[in-house]
Engineer: 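Questions regarding the structure given below will be posed in turn.
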Amino acid sequence: MVEPFAPGILSKEALDARLDALLKEYEIVAPVNRRGQAHFSKIIEISEIEWGYSSSVIPPSKVIYQAEQLLMRFVNQDGSYLVVEQHPPSRQRILLGVHPCDIHGILVLERTLVGRWQDSWYAGERKRSLIIGLNCQNPGPDCFCSSFGTGPFYAPWMGQGPPEGCDLFMTELMSGYLIETFTEAGRRLLEGSELTKPTDSDLVEKDERHKKTLDQFTKHLNTDGLDALLNRHLEHPVWERVGEDRCLSCTNCTMVCPTCYCYDIVDRAQLDLKTILRWRRWDSCQDQHFAEVHFGNFRPSRKARLRQFVCHKLSYWMEQYGCYGCVGCGRCIHWCPTGIDLTEIAAEIRREEIRL
Amino acid sequence: MERPRIGIFKYSCCAGCQFQLIYFQEHLLETFGAVDIVYGRMETSAGSEEGPFDVVLIEGAITESKQADQLKAVRGRSKYLVPIGSCAVNGGIPAIKNLTPELEVEQRVYSRIEPIHSVRAHPADEYVRVDAYLRGCPVGETDLIELVTALLLGTRPRMIDYCVCVECKRRGNTCILVAEGAPCMGPVTNAGCGALCPSNHRSCYACWGPMPGANAPALARKFEAMGMPPDEIVRRFTEFGCPTLEFRKGAELYE
Ligand code: SF4
Ligand code: SF4
Ligand code: SF4
Ligand code: SF4
Ligand code: SF4
């Protein structure tokens, strides 16, 4: 990791011109408004980018970690099967406008996918992706990244070490964009652009915008000793009540969660019976069959499944990876059809413990 | 399995599932060349329903007592029996009539009801043991190919057993239930269609029937909170799969 390069200011026009030039060389995936919702999509024109978006439906980490990936083919040759791994050729691309919570989402997800074990499919997709971050100045009603310190403005991973997880980083200011460069690859993206030195008032403005954004948060989660707290209350009535009354086992929460890594492997034979395709697809602990093993299911109830999701994010993850599995992006709350809110569940448990 | 002997039996339905099979038969000869369709009134003109069969596919809901008798007899002559399509799997559209007394239904449809011996519409598994379900309206391609290839390869088929939301999210759609308050049945409906309707900005109306174990009451209450009138909530849960336990639980809250 390269030490951060000196920050600079790029005017809006100069940035657009630079991105226009990059678009000829790279695939650019950026937030685009489709029927009122931001989606990270491949763009054709710079004007498609929705700079002031709040949160995208599918997180950028799951643009990298694809919903469905063809892993390999088994090809029958004279009675025996030949295994052919599938790694599609890929072009360098830029993920543009990634908010800090989602950069942390990528870093958390990577502790699993390219941590102790290397998932070569994920690694391939990650390697071809340059990431340009963007400080968030428009948090939505379900966002609570400020409670984890994963946003709304970027700070290095868990407050320590060099900046990670992106190549360039931008903050929108009156005078244009304040650009911080974290990697050599990021620096090359800017080659040929005239950056000016930020003035003191630019830096003051950045701080003010940060404070103003923090004030906009309406949702908060007390993370103090949260992992141990939940672990003490695995039989709290909230699991049964919310699970049975409201949880649809629909998996929406986990599918949109930037750090959920669970997948399923499925083999599909082609009709000629000569080729079998092995697919990997997002899976979810909310699905009823997820924990099915020979002779049973160790999470047959909605209570157990909902508890698994919430406690994995806010408790068990700590034991597994030394960090929370939640970055406070609010997607699971926003996209739950019945509005199940893990911050409310955690708060209910905390309130009761205080009362006891 | 070497050239499995297949029988196709049709009961009360639109026959769309058999058209789907015929479509497959024409386009995928290499597969259906590997099976013998020994009975199926729409597929072969000859053929006998006496069997024995390796696999019997059941299309349509059971709505007459003599259909139930034949179904039971066929079960005895077949190694595997698989209902195909919503009507045979969960009662499908024909089961809409289950909410009205049978006599009224008969009188509304026929001018002379003396020769009519209709009964409540039921899926095949209310009468006989079944070995798998081929869901869909009409029957889904992925499950169908899975069943056929599993049979020929001698493996256990892996049918799609989760809800439409899973496919919807894998496609990266915006959820129209959350974003627009559309009355989408995706959370309680078995997947397999690839989230066809939500991907085209339409609510799922549950044509594949319930996902087994679906929490219909939770979705019904959500619809109520959205301002949906009770009779419309009942309609959402009785249009397809009216006799199923899952959808009954959603409908009965508002009947
Ligand atoms: S658990 Fe919810 S709020 Fe936390 S990162 Fe996942 S989707 Fe975002
Ligand atoms: S177990 Fe559930 S909450 Fe944990 S990563 Fe998997 S899907 Fe997400
Ligand atoms: S999105 Fe909500 S209803 Fe669906 S599984 Fe998750 S918590 Fe349950
Ligand atoms: S649009 Fe329908 S199917 Fe898609 S996620 Fe929403 S509720 Fe589920
Ligand atoms: S989305 Fe629902 S209604 Fe539409 S085809 Fe699929 S199961 Fe049927």
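Quick note on labels: first sequence line is chain A, next is B, and so on, each numbered from 1.
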Engineer: Which bit of Leu219(B) comes within less than 4.5 Å of chain A, counting heavy atoms only: side chain, backbone, both or neither?
Structural biologist: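 Both parts, heavy atoms under 4.5 Å.
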Engineer: Taking all non-hydrogen atoms of both residues into account, name the closest pair between Lys313(A) and Cys257(A) and its distance.
Structural biologist: NZ-SG, 3.2 Å
Engineer: Just so I understand: if I count every heavy-atom pair under 4.5 Å between each of Pro217(B), Ala225(B), Cys175(B), Gly213(B) and chain A, which residue has the most?
Structural biologist: Gly213(B)
Engineer: For the aromatic rings, using the six-membered ring if either is Trp, is the centroid distance between Phe53(B) and Phe9(B) under 6.0 Å?
Structural biologist: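 When the ring centroids of Phe53(B) and Phe9(B) are compared, they turn out to be within the sub-6.0 Å range.
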Engineer: For the pair Glu110(A) and Arg126(A), find out whether any cationic side-chain nitrogen is under 4.0 Å from an anionic carboxylate oxygen.
Structural biologist: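 A salt bridge is present here (some side-chain N lies under 4.0 Å from a carboxylate O).
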Engineer: Tell me whether Leu82(A) at atom CG has more than 12 heavy atoms from other residues, nucleotides or ligands lying less than 6.0 Å away.
Structural biologist: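 Yes, CG of Leu82(A) has more than 12 neighbouring heavy atoms, counting only those of other groups under 6.0 Å.
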Engineer: Relative to chain A, which segment of Arg171(B) carries a heavy atom at a distance below 4.5 Å: side chain, backbone, both, or neither?
Structural biologist: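 Answer is neither: Arg171(B) stays 4.5 Å or more from chain A.
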Engineer: If I measure from the heavy atoms of chain B, does Gln270(A) come under 4.5 Å with its side chain, its backbone, both, or neither?
Structural biologist: backbone
Engineer: Run the ring-centre check on Phe74(A) versus Tyr81(A) and record whether the distance is less than 6.0 Å.
Structural biologist: no
Engineer: Just so I understand: if I count every heavy-atom pair under 4.5 Å between each of Glu244(A), Arg35(A), His334(A), Arg34(A) and chain B, which residue has the most?
Structural biologist: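 Going by pairs under 4.5 Å, I would pick Arg35(A).
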Engineer: Would you compute the distance between atom CG of Asn90(B) and atom CG of Asn190(B) and round it to the nearest 0.5 angstrom?
Structural biologist: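 Result: 9.5 Å between the selected atoms.
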Engineer: I need the residue from Cys250(A), Ser249(A), Ala67(A), Gly339(A) with the largest number of non-hydrogen atom pairs under 4.5 Å to chain B.
Structural biologist: Cys250(A)
Engineer: Side chain, backbone, both or neither: which part of Asn76(A) has an atom under 4.5 Å from a heavy atom of chain B?
Structural biologist: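 Neither part; nothing is under 4.5 Å.
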Engineer: Give, as side chain, backbone, both or neither, the part of Gln66(A) having an atom under 4.5 angstrom from any heavy atom of chain B.
Structural biologist: neither
Engineer: Relative to chain B, which of Leu248(A), Thr338(A), Ile276(A) shows the most heavy atom pairs under 4.5 Å?
Structural biologist: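 Between Leu248(A), Thr338(A), Ile276(A), the count favours Leu248(A).
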Engineer: With a 4.5 angstrom heavy-atom cut-off, could you sort out which part of Ile58(A) is near chain B: side chain, backbone, both or neither?
Structural biologist: side chain
Engineer: Sort out for me which of Val188(B), Leu177(B), Thr174(B) touches chain A most, counting heavy-atom pairs under 4.5 Å.
Structural biologist: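 Greatest number of close heavy-atom pairs with chain A: Thr174(B).
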Engineer: I would like to know whether Cys326(A) and Thr259(A) meet side chain to side chain contact (heavy atoms under 4.5 Å, CB included); could you show each step before the answer?
Structural biologist: CA-CA 7 Å; Cys326(A) 174; Thr259(A) 69; over 6 Å; no
Engineer: Mind telling me whether Phe237(B) and Phe247(B) have parallel, tilted or perpendicular rings, with 30° and 60° as the class edges?
Structural biologist: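 Rings of Phe247(B) and Phe237(B): perpendicular, over 60°.
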Engineer: Given heavy-atom pairs under 4.5 angstrom as the criterion, report whether the side chain, backbone, both or neither of Lys169(B) touches chain A.
Structural biologist: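 Both backbone and side chain of Lys169(B) come within 4.5 Å of chain A.
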Engineer: If you count heavy-atom pairs under 4.5 Å between each of Lys222(B), Arg221(B), His201(B) and chain A, which one has the most?
Structural biologist: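 Top count of heavy-atom pairs under 4.5 Å with chain A: His201(B).
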Engineer: In this structure, which one of Lys62(A), Arg331(A), Glu50(A) forms a side-chain hydrogen bond (donor to acceptor under 3.5 Å, both in side chains) with Ser56(A)?
Structural biologist: Arg331(A)
Engineer: Given heavy-atom pairs under 4.5 angstrom as the criterion, report whether the side chain, backbone, both or neither of Ala214(B) touches chain A.
Structural biologist: backbone
Engineer: Tell me, for Ile160(B) versus chain A, whether the close heavy atoms (under 4.5 Å) come from the side chain, the backbone, both or neither.
Structural biologist: side chain
Engineer: So which part of Val266(A) gets closer than 4.5 Å to some heavy atom of chain B, the side chain, the backbone, both or neither?
Structural biologist: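 Both parts, heavy atoms under 4.5 Å.
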Engineer: Just do the side chain to side chain donor-acceptor pair (under 3.5 Å) check on Thr275(A) and Arg73(A) with the steps written out, would you?
Structural biologist: CA-CA 7 Å; Thr275(A) 311; Arg73(A) 272 167 212 275; 5.8 Å; no
